[in-house]
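Values below: all heavy atoms of this structure, side chains included; hydrogens, waters and symmetry mates excluded. The structure displayed is predicted, hence computed values, not measured ones.
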Amino acid sequence: EERYGNPDLRVMALSLKDDLLEIPRLDLQSLPLTDGQRTELLRTALADPSRIDGRGYVVVPFATRLDQLSPLTHNHKIHHVEAQLLGSNLGDALARVYLSQAGTGVVVNGDGERVTCRLPALTAVLNAIVGDQRVFAGNVFDGDVYLNRRLRDRPVVNSGWQLGINLRDEAVNQDLDLGSLDDLRIYVYYNDYTEL
């Protein structure tokens, strides 16, 4: 802190549609797909039986990269994460998603060197924001209900992330209809330092 000052808090916003599944923006004839067409492709991808793991959860593996972060910053480490479900028929204001990290992490230190590490696998259970709802049965939830610090101080850049959606035995997800999901967003809040 004497050398670089206090860390800044930033956010990496990841879209299931755009970033994790990379739903195309063009069709086979290189014509633009409408947002509705892309949403249908998202729903089809989530319904693919190959996405179901041995526990019966829908899983989406993904990676984060250094080029998603500012080149003038370093030491990117997770502060907390949040998730948001967007759609039309997602049930009540209670839903949960799982976010796991198990791959190789990369941190650029203050000297510009890349330091790699492989930490034990860890899963965070996130209370997801459903639409813009933070209210259930007339009660407003505290904001801390939605932010999860379980992955705190782990590298933001990691090769082995996994998003999990449990419709099988997560009680609060029984009214969640993935056939009406428009997108799922993951917000990775992280600390970093800016170059001198």
Requested in this report: Applying side-chain hydrogen bond (donor to acceptor under 3.5 Å, both in side chains), name anything that partners R51, two or more places apart in sequence or on another chain.
Outcome: none
Requested in this report: Using the test side-chain hydrogen bond (donor to acceptor under 3.5 Å, both in side chains), find all partners of D183 that sit at least two apart in sequence or belong to another chain.
Outcome: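 Residues passing side-chain hydrogen bond (donor to acceptor under 3.5 Å, both in side chains) with D183: S15.
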Output all residues satisfying salt bridge (charged side-chain N to carboxylate O under 4.0 Å, His left out) with [X], sequence neighbours left out; order by chain, then residue number.
{"X": "D35", "result": "K17"}
{"X": "D53", "result": "R55"}
{"X": "D169", "result": "none"}
{"X": "E40", "result": "R43"}

Query raised in the report: Is there any ring pair (Phe, Tyr, Trp, His ring centres under 6.0 Å) pair reaching into residues 148-182, and which pairs are they, with sequence neighbours excluded?
Result: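 Qualifying pairs, neighbours excluded: F62-W161.
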Requested in this report: Identify the two heavy atoms, one from A13 and one from D19, that lie closest to each other, and give their separation to 0.1 Å.
Outcome: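 The pair with the smallest heavy-atom distance is O-OD2, 3.8 Å.
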Query raised in the report: Can you name the closest pair of heavy atoms from A121 and A102 and give their distance?
Result: CB-CB, 3.7 Å
List, by chain and then residue number, the residues other than [X] in its hydrophobic cluster (Ile/Leu/Val/Met/Phe/Trp/Tyr, side-chain heavy atoms under 4.5 Å); write none if there are no others.
{"X": "L72", "answer": "none"}
{"X": "V59", "answer": "Y57, Y98, V125"}
{"X": "Y187", "answer": "L9, V11, Y189"}
{"X": "L147", "answer": "none"}

Query raised in the report: Given side chains that start at C-beta, do those of H76 and V157 come closer than 4.5 Å, heavy atoms only?
Result: no
Query raised in the report: Who pairs with D175 by side chain to side chain contact (heavy atoms under 4.5 Å, CB included), at least two apart in sequence or on another chain?
Result: D92
